[in-house]
Amino acid sequence: MKTFGYVKVDEFGNHYYTEEAYSLGKRIFGVIKNVIDNFILDKDYRIKKTISTSFAEIAKIVGTESAQTDIAPSILNYFDNNGFEIKNYIINKLPEFLSIINDESLKDKFIGCFVKISTERKQRRAKVQFAKTVGKLSLIYNDKILFDKLLPIIIPYCFDEVNQVKKKTCRYIGQIMLQILLHDNEELKEKCYNIITSFARCRHYHYRQYFFDFCLSIIKNKDVFLNKKILDLFKELIQDKIVNVRIKASFFLNKMYNKYDWIKEESNIKGIVNQLQKDKSKEVLENITEIEIAENINQTELIIKENVNELFTDELNIIKEYFNFTPIGLGNTNWLNRNNKV
């Protein structure tokens with residue numbers, strides 16, 4: 001066990017703060033800063049891990065001013081001069097740290113950290129964790145930075161070879177989109193709706209299913225979820241010719257009915273549930289029969305389109321247009337309908 005002032009580090013690199021550290025608060029910073037400086041110079045991996053996982057906690061102890069003037073520059077330098085694993089520890093703690101500081105120009109400097117490490121993610125878990133971390137930044141940066149600088153970092157994960165990476169990434173992107181849709185930048189709001197629509201109407205049914213992963217985040221705000229653009233896409237997808245999409249819709253509603261009480265009173269949602277309860281798929285009915293709805297449903301609330309699948313597009317051109325990124329498979333439409341389960 002190594003001891004630096006009020007911080008102890010065990011043989012595995014785990015760090016511990018004494019009760020005195022928390023009681024002294026800002027007054028301890030003179031000691032803590034020396035600890036940080038010693039950690040940065042130390043070549044012991046355990047110490048490197050400690051500083052990369054504890055700087056946000058230190059910032060809470062010393063307060064915003066000291067975090068901005070002393071800790072932030074040290075962490076930026078530390079990030080640039082270490083390998084992927086240490087950078088990874090730092091990235092995972094950055095949302096917590098950035099929530100403490102209020103200097104916008106200083107926050108902008110940390111965006112480069114996310115850009116630099118985004119291309120280094122190779123393993124599935126690392127990609128999912130990174131997408132989750134970027135999703136947490138939705139409460140820290142303004143809408144323009146979220147769309148122009150952070151979404152492009154993780155949008156490629158929506159087209160990863162691993163299905164779990166794609167699903168989780170869409171959910172975390174939904175967190176970012178929710179914040180944008182809550183605000184008044186109409187141009188960015190329209191772009192977010194266009195992206196969601198491009199997935200909901202993609203010719204490949206897997207990507208249509210990811211619409212509901214976006215919704216897992218969007219539904220956290222009632223008004224955003226009940227927006228006509230979102231509801232119309234939902235109504236289209238419950239009529240999808242691919243049963244997997246309808247199963248995903250029924251599973252989503254079953255899960256959300258148990259989580260949000262307001263859903264049970266919405267006439268639009270009742271109409272959707274009523275339509276799904278008439279589905280021929282056993283899997284759909286297993287998910288949806290547990291949901292109780294009023295007997296008298298205004299069927300005009302549901303838009304029935306006999307040829308709904310004619311709305312599907314060949315390519316996710318919006319992704320290319322907004323992010324200068326070409327999703328895997330574009331230009332070769334043969335893969336789009338392969339193994340579709342009807």
Asker: For the backbone of G63 and the side chain of S66, can you confirm whether one donor and one acceptor N or O come within less than 3.5 Å of each other?
Answerer: no
Asker: Who are the ring pair (Phe, Tyr, Trp, His ring centres under 6.0 Å) partners of F211, not counting sequence neighbours?
Answerer: none
Asker: Could you give the distance from CD1 (I173) to NZ (K166), rounded to the nearest 0.5 Å?
Answerer: 13.0 Å
Asker: Among pairs that include at least one residue of residues 175-184, which meet side-chain hydrogen bond (donor to acceptor under 3.5 Å, both in side chains), considering only residues two or more places apart or in two chains?
Answerer: D143-H183
Asker: Can you tell me if R246 uses its side chain to pair, donor with acceptor, with the backbone of V284 under 3.5 Å?
Answerer: no
Asker: For F97, check ring pair (Phe, Tyr, Trp, His ring centres under 6.0 Å) against everything at least two apart and list the hits.
Answerer: F55, F110
Asker: Mind checking what makes side-chain hydrogen bond (donor to acceptor under 3.5 Å, both in side chains) contact with N102, not counting sequence neighbours?
Answerer: none
Asker: Among residues at least two apart in sequence or on other chains, which ones pass side-chain hydrogen bond (donor to acceptor under 3.5 Å, both in side chains) with K109?
Answerer: none
Asker: Using the test ring pair (Phe, Tyr, Trp, His ring centres under 6.0 Å), find all partners of F323 that sit at least two apart in sequence or belong to another chain.
Answerer: F147
Asker: Side chains of E96 and K93: closer than 4.5 Å at any heavy-atom pair?
Answerer: yes
Asker: Are any of the side-chain heavy atoms of I230 and F214 separated by less than 4.5 Å?
Answerer: no
Asker: Report the residues that fulfil side-chain hydrogen bond (donor to acceptor under 3.5 Å, both in side chains) with D80, sequence neighbours left out, ordered by chain and then residue number.
Answerer: K116
Asker: Looking at residues at least two apart in the chain, or sitting in another chain, which of them share a ring pair (Phe, Tyr, Trp, His ring centres under 6.0 Å) with Y210?
Answerer: Y207
Asker: So, does R208 use its side chain to make a donor-acceptor pair with the main chain of R201 at under 3.5 Å?
Answerer: no
Asker: What heavy-atom pair brings A67 and I101 nearest, and what distance separates the two atoms?
Answerer: CB-CG2, 4.2 Å
Asker: Under the criterion side chain to side chain contact (heavy atoms under 4.5 Å, CB included), I'd like the reasoning laid out for N287 against F252: C-alpha separation, chi angles, the key distance, then a yes or no.
Answerer: CA-CA 9 Å; N287 286 326; F252 172 85; over 6 Å; no
Asker: Is it the case that the side chain of Q68 and the backbone of D103 share a donor-acceptor pair, with hydrogens and angles ignored and the cut-off at 3.5 Å?
Answerer: yes
Asker: Ring centroid separation for Y157 and Y172, is it under 6.0 angstrom?
Answerer: no
Asker: Could you tell me if the side chain of S138 sits less than 4.5 Å from the side chain of L178, heavy atoms only?
Answerer: no
Asker: Would you say P95 and I140 make side-chain contact, with heavy atoms under 4.5 Å?
Answerer: yes
Asker: side-chain hydrogen bond (donor to acceptor under 3.5 Å, both in side chains) with T169: which residues, sequence neighbours excluded?
Answerer: none
Asker: Should D160 and V162 count as side-chain neighbours, where that means a heavy-atom distance under 4.5 Å?
Answerer: yes
Asker: With no hydrogens and no angle check, do the side chains of D223 and N227 hold a donor and an acceptor under 3.5 Å apart?
Answerer: no
Asker: With distance as the sole criterion, is a donor-acceptor pair present between the side chains of N185 and K144 under 3.5 Å?
Answerer: no
Asker: Partners of K167 by salt bridge (Lys or Arg N to Asp or Glu O under 4.0 Å), sequence neighbours excluded?
Answerer: none
Asker: For the residue pair F234 and F225, does the interplanar ring angle fall in the parallel (under 30°), tilted (30 to 60°) or perpendicular (over 60°) class?
Answerer: perpendicular
Asker: With sequence neighbours excluded, what pairs up with K220 under the salt bridge (Lys or Arg N to Asp or Glu O under 4.0 Å) test?
Answerer: none
Asker: Considering the options N258, I238, L276, which one meets the side-chain contact (heavy atoms from CB on, under 4.5 Å) requirement together with L253?
Answerer: L276
Asker: Is a donor on one side and an acceptor on the other found under 3.5 Å between the side chain of N82 and the backbone of Y78?
Answerer: yes
Asker: Between the side chains of N268 and K235, does any donor sit under 3.5 Å from an acceptor?
Answerer: yes
Asker: Check whether the side chains of D108 and Y141 place a donor and an acceptor atom closer than 3.5 Å, and report yes or no.
Answerer: no
Asker: Using atom types as modelled and distance alone, determine if a side-chain donor or acceptor of S52 lies under 3.5 Å from a backbone N or O of I90.
Answerer: no
Asker: Any heavy-atom pair between the side chains of D213 and K248 that's under 4.5 Å?
Answerer: yes
Asker: What verdict does the side chain to side chain contact (heavy atoms under 4.5 Å, CB included) test give for E266 and K270, after you've listed the backbone C-alpha separation in whole Å, the side-chain angles of each residue and the deciding distance to 0.1 Å?
Answerer: CA-CA 6 Å; E266 288 297 324; K270 291 178 181 178; over 6 Å; no
Asker: Going by an N to O cut-off under 4.0 Å, is there a salt bridge joining E186 and K189?
Answerer: yes
Asker: Within the distance-only criterion (no hydrogens, no angle test), does the side chain of N88 pair as donor or acceptor with the backbone N or O of F84 below 3.5 angstrom?
Answerer: no
Asker: Does S217 reach the main-chain N or O of R171 with its side chain, forming a donor-acceptor pair under 3.5 Å?
Answerer: yes
Asker: Only counting residues at least two apart or in another chain, list the ones meeting salt bridge (Lys or Arg N to Asp or Glu O under 4.0 Å) with K149.
Answerer: none
Asker: Taking NZ, NE, NH1 and NH2 as the nitrogens, is one of them in K229 or D232 under 4.0 Å from a carboxylate oxygen of the other?
Answerer: no
